[in-house]
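A short worksheet on the structure shown next.
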Amino acid sequence: MSFSAILINWYLKNKRELPWRKTSDPYKIWLSEIILQQTRVEQGLPYYLKFIQRFPDVKKLANANEDEVMKLWQGLGYYSRARNLHFTAKEIATKHNGKFPLHYHEIRALKGIGDYTAAAIASFAYNLPYAVVDGNVMRILSRYLGINEAIDSAVGKKMLTEAAQEFLDVKNPALYNQAIMEFGATYCVPLKPDCEKCPFNNSCEAFRLKKVNELPYKSKKTKITKRYFHYFILDYKGKTYLYKRKSGDIWQGLYEFLLHEAKSQLEFDELLKSQLLKDVAKHSKMGLIKTSSIKKHILSHQHIFAQFYHIHLNKPFINKRYIEVPFETLNNYALPRLIHRYLEEEKIL
DNA sequence: TACGCGTGGAA
DNA sequence: TTTCCAAGCGT
């Protein structure tokens with residue numbers, strides 16, 4: 001049997017039932033692909049269902065305002081996906097007469113859609129012969145072919161892209177692409193795949209050379225930079241103040257409280273101990289502070305450490321960059337997961 | 001071209 | 001606790 005035949009055979013017996021696999025609507029497939037970028041199915045699925053319910057078609061999405069889209073995306077991360085999704089929905093509504101484009105190069109030209117997503121949409125929705133090359137495919141092919149070239153290098157990516165296109169079953173692009181990704185996601189997994197029962201173990205180079213746990217090879221190591229945030233939850237007569245984050249950093253377009261970011265853990269700890277009130281006053285120009293009403297709380301979110309302070313003001317906080325928000329309506333705004341979780345824990349939401 | 005962008009789960 | 005990973009993309 002051919003590679004494709006074995007793969008598709010495996011898929012038909014082992015595939016998961018997922019909502020975006022029951023449709024050929026390019027809008028729904030597009031939405032699912034954007035949500036699933038760098039995101040696990042279990043994490044993305046509830047968001048897909050929410051979005052389909054609220055925006056059943058591309059025109060509904062195009063007619064929404066960006067804040068609502070961001071609010072629905074809240075907690076999923078990589079928020080530029082949501083902004084680009086909304087931007088492209090408007091593009092399709094205006095420049096494509098509300099119809100999702102039918103050809104690969106038109107699809108590929110849309111903002112937020114790269115090589116992978118364009119191939120996914122073109123094949124899943126229209127059965128066009130474009131091979132998907134994602135993390136799953138690169139892992140499978142680098143193992144199967146015994147490719148030692150780093151998959152995060154240009155050379156390695158090129159090798160695997162060409163291999164993927166050769167392996168593609170041009171008679172069944174949609175089925176084949178779904179199958180190879182599902183096989184990577186659930187069987188040829190990064191850690192400890194069950195090679196003994198693998199349908200390819202008689203022809204897999206990595207298995208033959210006992211190099212499965214070394215492939216795919218990556219040259220770069222993931223680096224995590226720790227950051228230290230102090231948030232000041234200002235309260236003047238039951239209202240608080242929010243700032244909409246700008247580009248050039250995380251959480252673009254999301255709302256947050258008055259922030260001071262410490263440059264080091266030392267500064268974070270120092271501010272915590274003594275400099276707090278001075279710095280707050282300097283930062284916010286808010287005048288007097290009732291120190292007795294300050295509450296503290298620390299949340300860790302992998303690499304961001306945040307401290308929250310509740311501060312009652314004796315006069316309003318005047319700053320044109322901030323909007324005044326009654327506490328009861330806080331949940332109408334798209335907030336970073338970290339802040340949202342804190343507000344829930346403190347029963348503020 | 002290399003890097004930054006979120007979050008949650010697993011080891 | 002730390003590191004790595006998961007259906008990538010824009011700049």
Side-chain angles (χ1 to χ4, degrees), chain A residues 15-16 18-21 29-48 70 73-85 87-88 107-121 123-124 131-140 150-158 160-161 164 174 177-186 188-193 213 216-227 229 245-254 256 265 299-306 334-341:
Chain A
K15 69 173 180 176
R16 295 168 290 182
L18 298 169
W20 46 84
R21 289 188 178 151
I29 290 165
W30 169 48
L31 176 64
S32 75
E33 291 303 332
I34 301 300
I35 286 174
L36 292 173
Q37 284 170 9
Q38 301 288 280
T39 304
R40 288 187 167 81
V41 165
E42 314 85 72
Q43 192 185 1
L45 181 54
Y47 286 84
Y48 174 81
M70 299 306 286
W73 199 270
Q74 173 181 290
L76 194 53
Y78 284 152
Y79 294 94
S80 64
R81 291 183 294 172
R83 285 196 312 279
N84 290 336
L85 184 76
F87 176 89
T88 293
I107 299 169
R108 177 63 182 82
L110 297 170
K111 187 170 286 188
I113 297 181
D115 291 340
Y116 162 75
T117 304
I121 297 170
S123 62
F124 299 159
V132 291
V133 185
D134 71 334
N136 292 311
V137 173
M138 291 202 285
R139 182 170 58 255
I140 293 167
I151 64 164
D152 54 1
S153 71
V155 174
K157 279 201 184 80
K158 188 167 184 293
L160 286 161
T161 301
N177 276 342
Q178 287 283 4
I180 193 165
M181 289 172 58
E182 184 76 345
F183 186 72
T186 66
C188 192
V189 289
L191 243 48
K192 299 183 178 179
N213 51 10
Y217 171 70
K218 288 185 185 179
S219 57
K220 296 192 250 309
K221 293 298 163 197
T222 57
K223 66 170 180 186
I224 297 173
T225 309
K226 291 184 178 178
R227 298 177 71 171
F229 290 177
R245 288 183 65 93
K246 301 291 187 281
S247 60
D249 201 352
I250 59 169
W251 300 333
Q252 182 184 342
L254 273 63
E256 67 182 359
Q265 184 171 6
L299 274 178
S300 168
H301 166 68
Q302 301 288 334
H303 67 291
I304 295 180
F305 299 86
L335 307 165
R337 181 63 136 193
L338 180 79
I339 293 177
H340 189 260
R341 233 170 43 201

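Reminder, nothing fancy here: chain letters follow the sequence lines and each chain counts from 1.
The side chain of A/K111 lies closest to C/dG10, out of C/dG10, C/dC5, C/dG8. For A/W251, the listed nucleotide lying nearest its side chain is B/dT7; candidates were C/dC9, B/dT7, C/dT3. Nearest nucleotide to the A/L191 side chain, out of B/dC5, C/dG8, B/dA11: B/dA11. Proximity note for A/I250 (side chain, C-beta onward) versus B/dG6, B/dG4, B/dA11: the nearest is B/dG6. Closest to the side chain of A/K220, out of B/dG8, B/dC3, C/dG8, is B/dC3. The A/R81 side chain lies nearest to B/dG6 when the options are B/dG6, C/dC4, B/dG8. Listed nucleotides C/dG10, B/dG8, C/dG8 differ in distance to A/Y78; the shortest reach to its side chain belongs to C/dG8.
Checking the phosphate oxygens (OP1, OP2) of C/dG8, no side-chain nitrogen or oxygen of A/T117 falls inside 4.0 Å. Contact annotation: A/K223 side-chain N/O to B/dG4 OP1/OP2 distance is under 4.0 Å. Checking the phosphate oxygens (OP1, OP2) of B/dG8, no side-chain nitrogen or oxygen of A/T39 falls inside 4.0 Å. Between C/dT2 and A/K226, a contact under 4.0 Å exists linking OP1 or OP2 to a side-chain N or O.
As a whole-Å value, the separation of A/I224 CD1 from C/dC5 P is 11 Å. To the nearest angstrom, C1' of C/dT3 lies 10 Å from NZ of A/K221. As rounded to whole Å, 15 Å separates atom P of B/dG6 from atom CZ of A/R341. Atom pair A/L45:CG and B/dG8:P shows a separation of 16 Å (rounding to whole Å applied). One interatomic measurement links the two molecules: CZ of A/F87 to P of C/dG10, which rounds to 11 Å at whole-angstrom precision. Here C/dG10 presents its P atom at 19 Å from OH of A/Y79, a figure rounded to the nearest Å. Rounded to a whole Å, the NZ atom of A/K218 is 16 Å from the P atom of B/dA2.
Around NZ of A/K246, the count of heavy atoms belonging to other residues, nucleotides or ligands within 6.0 Å exceeds 12.
Map A/W20 and A/R108 each onto its nearest nucleotide of DNA chain C; the residue landing nearer the 5' end is A/W20. For A/G77 and A/A154, each mapped to the nucleotide of DNA chain B holding its nearest heavy atom, the one lying further toward the 5' end belongs to A/A154.
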Yes or no on side chain to side chain contact (heavy atoms under 4.5 Å, CB included) for A/Y78 and A/Q37, after CA distance, side-chain angles and deciding distance? CA-CA 9 Å; A/Y78 284 152; A/Q37 284 170 9; over 6 Å; no
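Nucleic acid contact class of A/R245 (heavy atoms, under 4.0 Å, all strands): none. Residue-level contact check: A/L76 touches the bases, meaning some heavy atom is under 4.0 Å from a base atom.
The distance from the CZ atom of A/R337 to the CD atom of A/Q74 is 7.5 Å, given to the nearest 0.5 Å.
Closest approach of A/W73 and A/Y47 over heavy atoms only: O-CE2, 3.6 Å.
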